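Notes for the one structure printed next.
What you see is a predicted model, and the numbers here were worked out from it, not measured in a lab.
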Amino acid sequence: MTPFPLLQLPLVAMENVLCIMDPFELIDVSLASSRTKRVVGKFSKTKKKFLIAFDNSDPSITIHSEQKSWKCAIKMNEIQASQYKRDPIRPGVILVMVNFLTNLIKVSEEPLKDIMKWFDHAREVLNCKIDKVTFYLGSESIENRETIDWIAAQGKTIDDMEIRNTYGEQSDDDLKYLMKRIHVSGTLSLINMKFRKQFRMEIPGKPKHLHIANSRFIDYEQLLRLKSPILILRQPSLTNQEINRFLKSWMSLETHLELEAFKISISGPNAMNQIMNLPHEKTNYPNLIEAFNDEPFFIEVEYDMFTIKRCDGKKRATVTVKRLWGEWDFYLIVH
């Protein structure tokens, strides 16, 4: 291949060439020399910031722009990578385009360490920030904490994080460490979580949307401390009476003044007899039916709706129940 004299071009011409390159190409060019690294870095700082999604289970970095995404994934062996076609230009690299996502696949004996090393270089030359993390708590605590520290070094607060724990209670302490080191401002989801029987953990900060798939560790006092506007609690330890007290605390302006939506698992529709033992009125307004069928619930209303109001008269909340996938949930939206 004939070398291209990029650094010999006039400034405007050089920038025009860099403008047509995708992030992978910019990173490749930056590896040519320390000078090209400085040129690409300086050029990238003038452009709109890329948003980055990091996944530690299938180690990958996905770079997002407004129109397109680019994903770099590292596999442990050639068999895992064999589903992809090789790039004829770059030996050892597999590049495939799927819809608006370009996949860059590499092979390594240590995929997680190498994807973090790859991004350490990428963030030196691209204008980018990690805004989404998918974190699987593995069986190796040392690796968990090294990865947590690496994410925290990018920034102590990120927009969205999904945490999965398939190894059970042995990862409890690592989960607590993760919660202390990294705060979430957008959506925080704890999925497939398994804990010790007496496990307790605080949720720091105020995620906009908090979803806990196994919320048995959340007692009533901690529920009152949760400040997220959108709360979704599955498999709770809370009783019907405690849910009733929670609603009364909202009505009396004691807690959750910024609450927008609340969902919690219940035993069935009869639980409403205890939960709604407070002043309320039955309602069937079409706009409220439409509201339940919108974010964050997207459900069709099948059962009665009841409305409660805050003591200052500025806010109301409407509730209903729904059975999905064999489980009953209590839904509330503030309006």
Side-chain angles (χ1 to χ4, degrees), residues 187-195 197-201 203 207 209-311 315-335:
T187 298
L188 173 59
S189 301
L190 277 65
I191 310 295
N192 292 345
M193 306 305 291
K194 300 175 183 178
F195 310 111
K197 199 169 185 180
Q198 302 302 321
F199 177 78
R200 289 290 181 268
M201 179 183 70
I203 305 295
H209 185 144
L210 178 61
H211 178 193
I212 305 178
N214 178 0
S215 64
R216 290 191 178 96
F217 67 93
I218 303 288
D219 60 19
Y220 179 72
E221 294 302 322
Q222 185 170 359
L223 172 62
L224 297 183
R225 293 194 297 272
L226 297 177
K227 303 303 181 185
S228 297
I230 300 174
L231 281 172
I232 297 179
L233 304 178
R234 307 301 304 273
Q235 301 179 33
S237 62
L238 298 169
T239 65
N240 296 334
Q241 291 88 346
E242 287 173 327
I243 299 174
N244 171 267
R245 287 170 60 194
F246 171 74
L247 297 181
K248 288 179 177 177
S249 71
W250 177 83
M251 295 170 68
S252 61
L253 281 172
E254 295 175 14
T255 62
H256 294 82
L257 303 187
E258 298 180 32
L259 187 67
E260 297 176 9
F262 176 62
K263 173 183 173 181
I264 190 168
S265 302
I266 58 175
S267 58
N270 290 336
M272 291 290 277
N273 295 329
Q274 292 177 308
I275 293 173
M276 296 307 295
N277 184 20
L278 43 72
H280 65 271
E281 58 184 27
K282 189 174 178 179
T283 184
N284 59 357
Y285 290 128
N287 63 318
L288 293 174
I289 295 175
E290 292 175 5
F292 279 109
N293 200 19
D294 202 345
E295 292 186 20
F297 298 140
F298 299 104
I299 63 165
E300 293 184 6
V301 174
E302 298 176 358
Y303 290 82
D304 290 337
M305 298 187 299
F306 304 99
T307 294
I308 59 178
K309 64 180 179 179
R310 222 164 58 178
C311 63
K315 293 286 184 178
R316 292 173 178 263
T318 298
V319 306
T320 190
V321 297
K322 177 83 173 181
R323 187 183 187 189
L324 287 175
W325 311 111
E327 296 185 2
W328 286 92
D329 293 303
F330 173 89
Y331 295 85
L332 175 149
I333 51 173
V334 177
H335 50 93

Tell me, do [X] and [Y] make a side-chain contact under 4.5 Å, heavy atoms counted?
{"X": "L226", "Y": "L231", "answer": "yes"}
{"X": "W250", "Y": "L332", "answer": "no"}
{"X": "Q222", "Y": "F217", "answer": "yes"}
{"X": "T320", "Y": "D304", "answer": "no"}
{"X": "H280", "Y": "T307", "answer": "no"}
{"X": "K322", "Y": "F297", "answer": "no"}

Legend entry - Under the side-chain contact (heavy atoms from CB on, under 4.5 Å) test, residues paired with N244 that sit two or more places apart: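 In terms of side-chain contact (heavy atoms from CB on, under 4.5 Å), with neighbours along the sequence ignored, N244 is linked to K248, N277, L278.
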If you take all heavy atoms of [X] and [Y], which pair is closest and at what distance?
{"X": "N287", "Y": "Y285", "answer": "OD1-CB, 3.0 Å"}
{"X": "S267", "Y": "W328", "answer": "O-CD1, 3.9 Å"}
{"X": "L238", "Y": "I264", "answer": "CD1-CD1, 3.7 Å"}
{"X": "I275", "Y": "N240", "answer": "CG1-O, 3.8 Å"}

[X] side chain to [Y] backbone, donor-acceptor under 3.5 Å:
{"X": "H256", "Y": "L223", "result": "yes"}
{"X": "E242", "Y": "T239", "result": "yes"}
{"X": "S228", "Y": "P207", "result": "yes"}
{"X": "S215", "Y": "R234", "result": "yes"}
{"X": "D294", "Y": "A291", "result": "no"}
{"X": "K263", "Y": "F330", "result": "no"}

Inset, instruction - Take Y331 and V319 through the test side chain to side chain contact (heavy atoms under 4.5 Å, CB included) and record every step on the way to the result. - result: CA-CA 5 Å; Y331 295 85; V319 306; over 6 Å; no
Inset, instruction - Evaluate side chain to side chain contact (heavy atoms under 4.5 Å, CB included) for K315 paired with H335, printing each intermediate quantity in order. - result: CA-CA 6 Å; K315 293 286 184 178; H335 50 93; over 6 Å; no
Inset, instruction - Examine R245 relative to Y220 and say whether NZ or CZ is less than 6.0 Å from the centre of the six-membered ring and inside a 45° cone about the ring axis. - result: yes
As an exercise, state the distance from [atom1] of [X] to [atom2] of [Y], rounded to the nearest 0.5 Å.
{"X": "F306", "Y": "K282", "atom1": "CZ", "atom2": "NZ", "value": "6.0 Å"}
{"X": "L259", "Y": "I333", "atom1": "CG", "atom2": "CD1", "value": "11.0 Å"}
{"X": "F292", "Y": "M305", "atom1": "CZ", "atom2": "CE", "value": "6.5 Å"}
{"X": "R225", "Y": "I218", "atom1": "CZ", "atom2": "CD1", "value": "8.5 Å"}
{"X": "I232", "Y": "L188", "atom1": "CD1", "atom2": "CG", "value": "11.5 Å"}
{"X": "M272", "Y": "I243", "atom1": "CE", "atom2": "CD1", "value": "10.0 Å"}

Legend entry - CA sep, side-chain torsions, deciding dist, call: D219, R200, side chain to side chain contact (heavy atoms under 4.5 Å, CB included): CA-CA 9 Å; D219 60 19; R200 289 290 181 268; 4.2 Å; yes
Inset, instruction - If the plane angle is over 60° it's perpendicular, under 30° parallel, otherwise tilted; pick one for F262 and F246. - result: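 Ring orientation of F262 relative to F246: tilted.
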Inset, instruction - Mind telling me whether H211 and H209 have parallel, tilted or perpendicular rings, with 30° and 60° as the class edges? - result: tilted
Inset, instruction - Evaluate whether atom CD of Q235 has more than 12 neighbouring non-hydrogen atoms of other residues, nucleotides or ligands under 6.0 angstrom away. - result: yes
Inset, instruction - Could you walk me through whether E281 and R316 pass the side chain to side chain contact (heavy atoms under 4.5 Å, CB included) test, one step at a time? - result: CA-CA 11 Å; E281 58 184 27; R316 292 173 178 263; 3.6 Å; yes
Legend entry - Pairing of K227 and E258 as salt bridge, 4.0 angstrom limit: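 No.
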Inset, instruction - Let me know which of N214, D329, I212 forms a side-chain contact (heavy atoms from CB on, under 4.5 Å) with L233. - result: I212
